[in-house]
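Encoded as structure tokens, the structure appears first; notes follow it.
The sequence lines fix the lettering, A, B, ..., with proteins before strands; numbering per chain opens at 1.
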Amino acid sequence: MTWQHVVDDIRTWARVNSPWVVHFNTGSCNGCDIEILAILTPRYDAERFGVKLEGSPRHADVLICTGPVTRQARDRLLRVYEQMPEPKFVIAVGSCAISGGVFQGCYNVIGHIDEVIPVDVYIPGCPPRPEAILDGVVKLLGHLKNPVLEETIQEAG
Amino acid sequence: MDTTVPQRFVVPIGPQHPALKEPGHFEFTVDGEQVTGASVRLGYAHRGIEKATEGRNWVQNLYLLERICGICSHVHATAYCLGVEKLAGVTPPPRAQAIRVLVAELERIHSHLLWLGVAAHEAGFDTLFMYSWRDRETVMDILEALTGNRVNYSANLLGGVKFDLTSELTDKIYKGLELLEERTYQYVDVVTSDATLLQRTRGVGVTTREQAEQLGLVGPTARASGVERDIRVEAPYAAYPDFPVKVVTATAGDLEARFVVRLQELFEAYRLIRAVLEKLPPGELQARMPRKIKPAETVSRVEAPRGELFYFIKSNGTDQPERIKVRTPTLCNLASVCVLAVGSQLADVPMILAGVDPCFSCNDRMVTVYSGDTDHTQWTWKQLRQYGIDYYRR
Ligand code: SF4
């Protein structure tokens, strides 16, 4: 095992045990955002997976996006995404983030999240239950820990 | 550098903002720690819902308008339903009206507890945030048991409501209320006696009665300054004529008063819910609605958790509306932030902002024109339209 491997392993270990997330609302109705906040509170308690909500994109590993992308928010979304250090992961929460949801066809909505930035995890629902959001986060962490295994499972399943 | 000139900095906040869940952009000019100017730029969450309503039919719009705001989805749907029912000349059955009131008050509880948590978080009092959100789950459970969804409940239908109360549900609500009532007493105690929190709230962001009237504040923000303004009392809708509301006011107008007013409103909500459960009128849940509505126009006003919500609805004889205009309470209250922030400490600004309970997704359906320089001239409609066309052509 080379030196580089050891460093990488330590990095992955740290990342999986304590992912820092930043949350950006690109035009959602708030429903998804309050459910995201709810997963931090005692009943759901995302902190037991080491998840910490961060204010600054420069410190974050995971970007949680909600809502359809509005024309004004598009540039900001790109900027937030570019400010995050590599490797970075994106979770799209809610029907709006996945497909535009009820806001499809509104004149100021340019589309869904993955038309603007690449998305790793999609969590459907309007809004998804907090349990579903937690499940999405945990799936992402599992994938980080063991990418090859997860992929084969997905292909087989 | 010339040190005699006081140095001014512009502190931009947002739109991706650690404390607020929603995008809004503020610019505060500061002189040292003192805020000397404030401006706000909105519209990051502008989606164009009002326009979109014109291309959908009456029933589809119910679900679209409910998603203007996830926190107060029920009041949006109620305001819309009441307006459309008025246009169509349909009277929903009394049982449906009472259930609307029931859900509206449950929603008020959830919204005020949510605000309590967010405001406490803003003040750095995360323990209170965790406690209030834990207790909020009680009312979320009730809402879920009633309607099947935690956030956008879709309790309303045109002409009535979707679900009925069973005795199991009633028991569940009574039990939940008991717990919440006990907890609310404790919150009132905390926000009026905790020394650290009081330093952040007492005497901060004082809005006098005159200011409140001048700025046109609404909802709990206005009531904390002694303005008795509540649509549930002034123009009772749905079943509120049968279940009168006692308006809670305070006179201090500072942040502490806003905490107290909102918490006292919780007690009022508990009382109303119990009254509705006791005297729930029997009968049908939905009246028949016509598919098309003859040309007419109407306004409908309801009291959202944050203040007066206003709907203007115009029909044109088809199954689609001609125009729907929504004015949400945050828009009325947000102006006060820019006024109050001037002269206060920069550190107090987040609290002042949280004090009005802003909700940008409600707000951002309006268009703000920002001409780039400081000259805020008024634009004519034609200029504005041309600006829009040019902007998007690029
Ligand atoms: S998915 Fe639903 S709850 Fe989430 S932002 Fe969209 S409309 Fe709101």
Side-chain angles (χ1 to χ4, degrees), chain A residues 22-45 47 53-57 59-60 63 66-77 79-81 83 94-96 100-110 125-131, chain B residues 14-23 25 41-53 55-56 60 63-73 110-111 114 117-118 121 129-137 140-141 144 149-152 359-362 364-365 367 388 391-392:
Chain A
V22 58
H23 164 216
F24 187 54
N25 170 339
T26 55
S28 96
C29 81
N30 241 343
C32 287
D33 308 69
I34 49 178
E35 295 296 60
I36 288 173
L37 222 56
I39 70 167
L40 300 172
T41 56
R43 177 171 303 174
Y44 303 102
D45 194 18
E47 270 177 38
L53 198 63
E54 242 303 303
S56 162
H59 302 161
L63 173 65
T66 56
V69 185
T70 62
R71 281 180 204 275
Q72 284 217 45
R74 181 177 174 275
D75 295 347
R76 291 292 173 157
L77 177 63
R79 201 151 119 194
V80 167
Y81 184 71
Q83 281 173 349
S95 325
C96 291
V102 281
F103 303 119
Q104 261 167 16
C106 288
Y107 64 81
N108 210 35
V109 169
I110 50 171
C126 181
R129 294 186 56 89
E131 290 93 333
Chain B
Q16 192 274 329
H17 187 282
L20 295 171
K21 305 174 298 293
E22 301 162 78
H25 181 81
R41 178 183 175 178
L42 300 168
Y44 284 98
H46 176 83
R47 288 152 289 184
I49 295 179
E50 283 174 12
K51 185 73 192 163
T53 57
R56 300 174 194 213
Q60 288 170 327
Y63 300 95
L64 177 64
L65 290 169
E66 196 165 56
R67 282 160 181 76
I68 284 181
C69 173
I71 302 180
C72 40
S73 58
H110 124 72
S111 176
L114 177 141
V118 173
H121 170 75
F129 165 60
M130 291 292 176
Y131 270 121
S132 65
W133 276 64
R134 187 197 66 185
D135 293 332
R136 182 176 157 271
E137 289 297 330
M140 298 307 273
D141 280 349
E144 188 180 5
N149 206 353
R150 282 166 54 93
V151 174
N152 294 320
C359 174
F360 293 103
S361 54
C362 273
D364 280 359
R365 294 153 308 85
V367 186
Y391 182 83
Y392 286 124

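- Of the listed residues B:Gln60, B:Met130, B:Glu66, the one with more heavy-atom pairs under 4.5 angstrom with chain A than any other is B:Met130.
- Put simply, of B:Arg67, B:Arg56, B:Met140, B:Lys51, the one with the most heavy-atom pairs under 4.5 Å next to chain A is B:Arg67.
- Residues that satisfy the side-chain hydrogen bond (donor to acceptor under 3.5 Å, both in side chains) test with A:Arg129, not counting sequence neighbours, are A:Glu131, B:Glu144.
- Electrostatic pairing of B:Arg134 and A:Asp45 does not count as a salt bridge here, judged by no charged N lying under 4.0 Å from a carboxylate O.
- Looking at every heavy atom in both residues, B:Gly70 comes nearest to A:Asn30 through N-CB, 3.8 Å.
- For the atom pair SG (A:Cys29) and CD1 (B:Ile68), the distance works out to 10.0 Å, reported to the nearest 0.5 Å.
- Only the backbone of A:Gln104 comes within contact range of chain B, with heavy atoms under 4.5 Å apart.
- Looking only at side-chain heavy atoms (C-beta outward), B:Trp133 and A:Leu40 stay at 4.5 Å or farther from each other.
- Heavy atoms closer than 4.5 Å to chain B are found nowhere in A:Cys96, neither backbone nor side chain.
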Evaluate salt bridge (Lys or Arg N to Asp or Glu O under 4.0 Å) for B:Asp141 paired with A:Arg43, printing each intermediate quantity in order. CA-CA 12 Å; B:Asp141 280 349; A:Arg43 177 171 303 174; 3.0 Å; yes
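- Most heavy-atom pairs under 4.5 Å with chain B: of the set A:Pro68, A:Pro130, A:Gly101, this distinction falls to A:Pro130.
- Contacts of A:Ile36 with chain B are absent, with no heavy-atom separation under 4.5 Å from either backbone or side chain.
- Two residues are said to be in side-chain contact when any heavy atoms from C-beta on lie closer than 4.5 Å; A:Pro42 and B:Glu137 fail this criterion.
- For the pair A:Ile34/B:Arg136, a side-chain contact is recorded, criterion being any heavy-atom separation below 4.5 Å from C-beta on.
- Highest contact tally toward chain B, considering only A:Gly105, A:Cys32, A:Cys126, A:Gly67, is held by A:Cys126 [criterion: heavy-atom pairs under 4.5 Å].
- Taking a 6.0 Å sphere around OH of B:Tyr131, one finds it holds 12 or fewer heavy atoms contributed by other residues, nucleotides or ligands.
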